[in-house]
Amino acid sequence: MTTLAFNHEEIVARPLKPALLELDGISRQSVEAHYKLYEGYVSKRNEIMGRLAEVDIAAANQVFSEIRALKVDLSFALGGIKNHEIYFEHLGGDGGEPHGRIRDLIARDFSSIEAWRADLKATGMAGRGWAWTAFDWDEGKLFNYLGDAQNTFPVWNATPLVALDVYEHAYFIDYATDRASYIDAFFDNLDWDVVNDWVEQYQIRP
Ligand SMILES: [Fe+2]
């Protein structure tokens with residue numbers, strides 16, 4: 001038996017920040033249910049990595065469909081982890097106008113802060129699952145990208161700095177079908193200090 005050679009150590013979910021239970025306009029009940037989904041993605045990732053490590057690749061044609069299914073599911077689980085870790089990490093703040101380097105970047109790459117916010121909101125209304133403000137290292141600027149699922153459509157060599165979850169599970173408890181009001185609440189709870197820490201960490205320079 002020949003198995004896929006890679007490290008498949010298990011990872012653990014990041015703890016839920018207490019500040020997330022006191023958001024403005026996004027209820028504790030909603031956040032707790034949402035966090036459970038994130039924990040599920042971590043479990044799924046660990047399970048899939050374990051199963052991949054046990055696939056007998058010497059069986060050639062017989063396992064291609066299995067590898068395909070596992071790797072597609074893995075991309076979904078990993079997206080669910082990465083997207084939610086950004087989402088939960090940068091909520092819990094006071095929203096308002098961005099400041100510091102992220103403000104300078106947004107002002108440079110969009111015509112105004114309001115234009116950026118309007119574009120991200122429109123992208124969030126248009127997407128099925130996600131809208132991200134990401135710094136594209138090849139173009140050297142920010143762009144608001146659209147995502148339908150956890151694994152569609154991230155862009156290579158771009159670093160997400162704002163992750164707006166627009167799956168119904170993010171807002172249905174609080175807003176039913178009123179996604180627009182949820183997006184406004186999302187902006188009201190952004191922690192710009194966290195975003196600026198990422199700008200610093202990744203050495204993104206205006
Ligand atoms: Fe979510």
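For ligands, and for the atoms within them, numbers begin at 1 and follow the listed sequence. Note: hydrogens, waters and symmetry copies are ignored here, and every other heavy atom, side chains too, is used. Bear in mind that the values here come from a model prediction, so they are computed numbers and not experimental data.
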Chemist: Can the ring centroids of His34 and Tyr87 be said to lie less than 6.0 angstrom from one another?
Modeler: yes
Chemist: For Glu47, check salt bridge (charged side-chain N to carboxylate O under 4.0 Å, His left out) against everything at least two apart and list the hits.
Modeler: Lys44, Arg51
Chemist: Do NZ/NE/NH1/NH2 and the carboxylate oxygens of Glu85 and Arg14 come within less than 4.0 Å?
Modeler: yes
Chemist: Checking Arg128 against Tyr167: charged group under 6.0 Å from the ring centre and within 45 degrees of the axis?
Modeler: no
Chemist: A side-chain contact here means heavy atoms from C-beta on lying under 4.5 Å apart; do Tyr38 and Ile81 qualify?
Modeler: yes
Chemist: Taking 2.8 Å as the limit, list every protein N, O or S atom around the Fe ion (ligand 1), by chain and residue number.
Modeler: His34 NE2, His84 NE2, Asp165 OD2, His169 NE2
Chemist: Would you call Arg101 and Glu200 a salt bridge, taking side-chain N to carboxylate O under 4.0 Å as the test?
Modeler: yes
